[in-house]
Engineer: 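Supplied in structure tokens, the structure appears directly below.
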2 protein chains.
Amino acid sequence: MAMISQKAKYALRALIALARAPQSEPLVISDIARVHRIPKKFLEQILLDLKRQGLLTSKRGKGGGYVLLRPADKITYGEVLRIVDGPIAPLPCLSITAYRKCADCLDETNCETRQVFAHVADATRKVLDQTTIADAVAMPRHELLAS
Amino acid sequence: MAMISQKAKYALRALIALARAPQSEPLVISDIARVHRIPKKFLEQILLDLKRQGLLTSKRGKGGGYVLLRPADKITYGEVLRIVDGPIAPLPCLSITAYRKCADCLDETNCETRQVFAHVADATRKVLDQTTIADAVAMPRHELLAS
DNA sequence: GCCAACCCGATAGGATTTGTCAACTATACC
DNA sequence: GGTATAGTTGACAAATCCTATCGGGTTGGC
């Protein structure tokens, strides 16, 4: 029902890359794009979004590039997903950050679907709002066996 | 990121309606569609899908209609969503019922995104695979205050 | 045999996703 | 100040998915 978008995957990949980079060493778009196999122009849009929302800053010209604006452990998956994919809630009427009435819903308080998916939304947020980019960076890396 | 589809809402609404109907009294598509404000032709497709997957049975001709094939407490939200919206997992590589490698993923075991969203998928499934149509039917109905 | 009701395939408009392109602007460095 | 670097902007295009709609076909009951 609910695949996350390619855009979100790219955004997370890029942020993890930025978090792994030595502090104050800006990464340029082209490098991130090449190394992580992200279409460059698409990545530009994504990083711009993340910048506008205050996750990143950038410097132009030679020696420029993108840098995280906050420590990686202060950037949650939930925040990133909300920026690139919009609300996390599976129904508009369950979004905290962007509530909207379901178009055809007459009686929200009695909507069974809403009540069930409220639990889903809670469970999802519990994970996404507590997991940070730093957690991702710290994940164990299994050796890739050479063949 | 992950709204459930209109189709899923319709499917759930219809199933709840069928679960509320007195046993062995088939409901006809037109009635369900009218009462629950679902486009009739669209509902036909949905009910056919649900029938093909064994949730419903139907009888043609006069006095016909649709009937639940199993007690409502044996039909989970997860099952319904998988039928109408496809896999529940937020990444193809996390689907139990329909695993597929992510197109651009080189090293699945080390994919940070995968590891994080595995938790999301677990949490979601824990809700959806344990909640049944019967739970929905039993939900408390608040009085709608007349104005 | 005829009507009710389900069954099936095609199709279409719109939205969203995913990406591309061309041109512009700011910065560093010589 | 010129030039190469690198981010910024806005428009646009292909592909896919969602949400239906349409017309007819089939089956069963009376």
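Letters go in sequence order (proteins before strands), and every chain restarts at 1. All figures in this text were calculated on a predicted structure; none of them were measured in a lab. Side-chain atoms are counted along with the backbone in the values below, which use heavy atoms only and exclude waters and symmetry mates.
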Engineer: Considering only residues two or more places apart or on different chains, which pairs with a residue in residues 68-77 of chain B satisfy salt bridge (Lys or Arg N to Asp or Glu O under 4.0 Å)?
Structural biologist: B:Arg70-B:Glu79
Engineer: Please report the distance, rounded to the nearest Å, between CG in B:Leu47 and P in C:dC6.
Structural biologist: 8 Å
Engineer: What's the CG-C1' distance between A:Asp49 and C:dT18, to the nearest Å?
Structural biologist: 14 Å
Engineer: Which pairs with one or both residues in residues 117-138 of chain B pass salt bridge (Lys or Arg N to Asp or Glu O under 4.0 Å), sequence neighbours excluded?
Structural biologist: B:Arg82-B:Asp129, B:Asp122-B:Arg125
Engineer: Could you check how far NZ of A:Lys40 sits from C1' of C:dC21, rounded to whole Å?
Structural biologist: 12 Å
Engineer: Look at the side chain of A:Arg60 and decide which nucleotide, out of C:dT25, D:dT9, C:dC29, has an atom nearest to it.
Structural biologist: C:dT25
Engineer: Taking the nucleotide of DNA chain D with the nearest heavy atom to each, does B:Lys41 or A:Lys59 sit closer to the 5' end?
Structural biologist: A:Lys59
Engineer: Does A:Tyr10 have a side-chain nitrogen or oxygen under 4.0 Å from the phosphate oxygens OP1 or OP2 of C:dG19?
Structural biologist: yes
Engineer: Is the phosphate of D:dT9 approached by A:Arg52 (side-chain N or O, under 4.0 Å from OP1 or OP2)?
Structural biologist: yes
Engineer: Would you classify B:Leu27 as touching base, sugar-phosphate or nothing, given that sugar-phosphate means primed atoms plus P, OP1 and OP2, and contacts are heavy atoms under 4.0 Å?
Structural biologist: sugar-phosphate
Engineer: From CG of B:Leu48 over to P of C:dA5, roughly how many Å is that when rounded to an integer?
Structural biologist: 16 Å
Engineer: Might you point out which heavy atoms bring B:Leu47 and B:Ala14 nearest each other, and give the distance in Å?
Structural biologist: CD2-CB, 4.1 Å
Engineer: Quickly work out the A:Lys9 NZ to C:dT18 C1' distance and round it to whole Å.
Structural biologist: 12 Å
Engineer: Does the side chain of B:Ser58 get closer than 4.0 angstrom to OP1 or OP2 of C:dC7 through an N or O atom?
Structural biologist: yes
Engineer: Check the surroundings of atom CZ in B:Arg100: do more than 12 heavy atoms from other residues, nucleotides or ligands lie under 6.0 Å from it?
Structural biologist: no
Engineer: Return the nearest nucleotide to the side chain of A:Tyr66; candidates are C:dG19, C:dA28, D:dG7.
Structural biologist: D:dG7
Engineer: B:Ile46 has an atom CD1; how far is it from atom C1' of D:dA20, in whole Å?
Structural biologist: 10 Å
Engineer: Does this structure show an ion pair linking A:Glu108 with A:Lys101, if we count only N-O contacts that are shorter than 4.0 Å?
Structural biologist: no
Engineer: When you get a sec, tell me which of D:dG7, C:dG19, D:dT19 is the closest nucleotide to the side chain of B:Phe42?
Structural biologist: D:dT19
Engineer: Just to be sure I understand the rule, does B:Ile29 reach a base, reach only the sugar-phosphate, or reach nothing, if contact means heavy atoms closer than 4.0 Å?
Structural biologist: sugar-phosphate
Engineer: Of the candidate nucleotides D:dG7, C:dC8, C:dT20, which contains the atom at the shortest distance from the side chain of A:Lys51?
Structural biologist: D:dG7
Engineer: For the pair made of CD in B:Gln6 and C1' in D:dT21, what is the distance, rounded to whole Å?
Structural biologist: 16 Å
Engineer: Using only heavy-atom distances, decide whether a donor-acceptor pair under 3.5 angstrom links the side-chain of B:Gln45 to the base of C:dC8.
Structural biologist: no
